[in-house]
Amino acid sequence: MSENVYDILQERGFIAQTTHEELRDLLGKEKVTFYIGFDATADSLTAGHFLTVMAMMHMQKAGHRPIALLGGGTTMIGDPSGKSDMRNMMTKETIEHNAMRFKEQLSRFISFDDDKAILANNADWLLDLNYVEFLREIGVHFSVNKMLTAECYKQRMERGLTFFEFNYMLMQAYDFLELNRRYGCTLEMGGNDQWNNILAGADLIRRKEQKNAFGLTLTLLTRSDGVKMGKTMSGAVWLDPEKTSPYEFYQYWRNIEDVKVEECLGLLTFLPMEEVRRLGALQDAEINKAKEVLAYEVTKIVHGEEEAKKAQAGAKAMFVQGAASEDAPVHEYPKAQLEEGLDILTLLVDAKLCSTRSDARRTVTQGGVSVNGEKVTDFKKVYSSADFDDKDRLLLKKGKKSFCQIKEEN
């Protein structure tokens, strides 16, 4: 192996905490089998997952073997870490469908050929557990007093923590033990909010197998106000192009805060660190060049070079030339509805350019909205298909950066 992947991850800003100092030496000397878990709570991975996927890609590139663990079993309970309320219960069928979608997406980033990576599903060992045997074999190693000091439980104690969720740490620790027994997995990686769960798994392997297991947590991608990155007013930023178009995906990274550009370039692209630091040091209007590079590089990894070029061209057409772009997000209405007409507030909310009608009304009143290049001053204004431009659409613009095309359903 060439450069130690631990040093690469550290320099690029991935590493939050590790269980052992020896982990660096281990990663430099041996081919390590490691795992990251993905609870299948939706039918697509999000921008939040993408950071962990990038870490997996760096590890695989350095010769280590990833296990992507789909949470077909744990998703049925739900992780209380970082949550203020209990997760909605999901059916087994929904979870299985979501897990299959995760598998498809992960295969775009990780090579599963020739045993280079493993895809596992904890439903295989969790769903048929005998509860009494599980308590005797696993539960006996967990101190309730110690568990209650864990951050993931502490912050839920005031609102109420169910015994159902309290089991989650045992389940995740058992996953690590099972993967250790089945595949020789010695390292668990995950977001920094998983620290206590990862410690529990490493400790369980030490007790049951009398050998070392390691943990490494990854930086959580947050805005400067502490909110997790990858969320917009209209919801999550998805890796599925059907849920978040490549153009919207590009725009999300193009519009992040200036102070986060260098961090995101290090974590979410493969650009050399000298280039990351050079771009991160740009000031004032120049930082926009760095944002364009970030948006292009991340979109290229997730959606491919062709889509990244289209998204970049679309964005430039909008912002530089003020021209209408084919790649801007589209919202469609039935023909009859468009012929009848829709008021501007409805259009803005449906297009997700504004969160509520009152937000839309305020934006129009303040002069921040235009349709087909003309400023809208009347918040009661109604538009119909008779107002379409020569490309058979209405082009909504909010401020300088947000656009949406209103079209008729095919």
Side-chain angles (χ1 to χ4, degrees), residues 1-16 18 23-29 31-32 34 36 47-66 106 108-111 116-117 187 189 191-192 216-224 229-230 237 239 246 249-313 315-316:
M1 292 184 196
S2 48
E3 192 183 348
N4 191 322
V5 70
Y6 187 95
D7 297 335
I8 293 170
L9 293 175
Q10 193 161 49
E11 187 185 18
R12 299 193 79 92
F14 282 93
I15 299 174
T18 56
L23 179 59
R24 182 184 176 278
D25 291 340
L26 184 75
L27 289 171
K29 287 180 201 157
K31 176 182 173 179
V32 171
F34 69 98
I36 294 181
H49 290 118
F50 184 59
L51 184 144
T52 59
V53 172
M54 285 293 291
M56 288 175 101
M57 290 166 83
H58 281 293
M59 289 284 284
Q60 188 176 55
K61 222 170 159 184
H64 302 292
R65 182 171 68 155
L106 287 166
R108 299 212 310 265
F109 307 110
I110 307 295
S111 169
K116 287 197 197 107
L187 169 64
M189 293 168 64
N192 202 33
L216 183 156
T217 58
L218 303 164
T219 307
L220 292 176
L221 207 52
T222 61
R223 300 188 322 219
S224 53
M229 222 182 262
V237 178
L239 302 194
F249 188 82
Y250 177 96
Q251 286 298 95
Y252 177 80
W253 300 108
R254 170 63 183 79
N255 294 328
I256 65 162
E257 301 166 278
D258 295 1
V259 293
K260 287 288 171 178
V261 174
E262 186 171 341
E263 182 187 1
C264 288
L265 282 165
L267 294 167
L268 305 177
T269 78
F270 290 111
L271 290 176
M273 284 307 290
E274 309 84 76
E275 180 66 358
V276 167
R277 283 188 276 268
R278 185 190 74 77
L279 289 165
L282 296 174
Q283 296 289 314
D284 306 320
E286 290 284 294
I287 196 75
N288 287 327
K289 290 178 185 170
K291 290 185 186 183
E292 283 174 17
V293 173
L294 169 68
Y296 178 78
E297 292 293 328
V298 181
T299 307
K300 184 172 79 172
I301 296 168
V302 174
H303 295 296
E305 194 167 6
E306 190 184 336
E307 289 296 341
K309 282 178 177 169
K310 274 166 64 179
Q312 188 174 56
K316 282 187 174 164

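Residues M189 and M59 meet the side-chain proximity criterion, which asks for heavy atoms closer than 4.5 Å. Between F50 and V237, the closest side-chain pair of non-hydrogen atoms is not below 4.5 Å. Y6 places a side-chain heavy atom less than 4.5 Å from the side chain of I15. Contact annotation: the side chain of L26 approaches that of L23 to within less than 4.5 Å [non-hydrogen atoms, C-beta and beyond]. Using a 4.5 Å heavy-atom threshold, the side chains of L9 and V5 count as touching.
For the atom pair CD of E263 and CG of L294, the computed distance is 11.0 Å after rounding to the nearest 0.5 Å. Between the CZ atom in F270 and the CE atom in M54 there is a gap of 3.5 Å [rounded to 0.5 Å]. Annotation: the span from L218 atom CG to F14 atom CZ amounts to 7.5 Å, rounded to 0.5 Å. With rounding to the nearest 0.5 angstrom, the CZ atom of R12 is 9.5 Å from the CG atom of L268. Once rounded to the nearest 0.5 Å, the distance linking CE of M229 with CG of L267 reads 9.0 Å. Summarising the geometry, atom NZ belonging to K61 is positioned 11.5 Å from atom CD1 belonging to I110; distances are rounded to the nearest 0.5 Å.
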F109 and L239: CA distance, side-chain angles, deciding distance, side chain to side chain contact (heavy atoms under 4.5 Å, CB included) verdict: CA-CA 12 Å; F109 307 110; L239 302 194; 4.1 Å; yes

Side chain to side chain contact (heavy atoms under 4.5 Å, CB included) between F34 and H64, worked out: CA-CA 8 Å; F34 69 98; H64 302 292; 4.2 Å; yes

Residues Q312, T299; criterion side chain to side chain contact (heavy atoms under 4.5 Å, CB included); working and verdict: CA-CA 9 Å; Q312 188 174 56; T299 307; over 6 Å; no

Pair R108-V302, side chain to side chain contact (heavy atoms under 4.5 Å, CB included): steps then yes or no: CA-CA 8 Å; R108 299 212 310 265; V302 174; 4.1 Å; yes

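Looking only at distances, no side-chain donor or acceptor of R24 sits under 3.5 Å from a matching main-chain atom of D7.
Ion pairing of K309 with E306 is absent here, as no side-chain N (NZ or NE/NH1/NH2) approaches a carboxylate O to less than 4.0 Å. A salt bridge links R278 to E275: one of the charged nitrogens lies within less than 4.0 Å of a carboxylate oxygen. A salt bridge between K260 and E257 is absent, with no side-chain N of the basic residue lying under 4.0 Å from a carboxylate O of the acidic one. Salt-bridge formation is detected for the pair R277/E11: a Lys NZ or Arg NE/NH1/NH2 atom is positioned less than 4.0 Å from an Asp or Glu carboxylate oxygen.
When every heavy atom of V293 is checked against every heavy atom of L271, the shortest pair comes out as CG1-CD1, 3.7 Å. The two residues L221 and C264 come nearest to each other via the heavy atoms CD1-SG, 4.2 Å. Smallest separation of non-hydrogen atoms from S111 and A117: O-CB, 3.3 Å. Closest non-hydrogen pair, I287 versus G280, comes out as CD1-O, 4.2 Å. Nearest heavy atom pair, residue A290 against residue L279, reads CB-O, 3.5 Å. The shortest heavy-atom contact between L51 and T219 is CD2-O, 3.5 Å.
Note: H303 and F249 meet the aromatic proximity criterion, with ring centroids under 6.0 Å apart.
Residue D258 is tested with R223, K291, K289 for a salt bridge (charged side-chain N to carboxylate O under 4.0 Å, His left out); the sole match is K291.
For the pair K310 and Y250, the cation does not sit on the ring face, since its NZ or CZ is not both under 6.0 Å from the ring centre and inside 45° of the axis.
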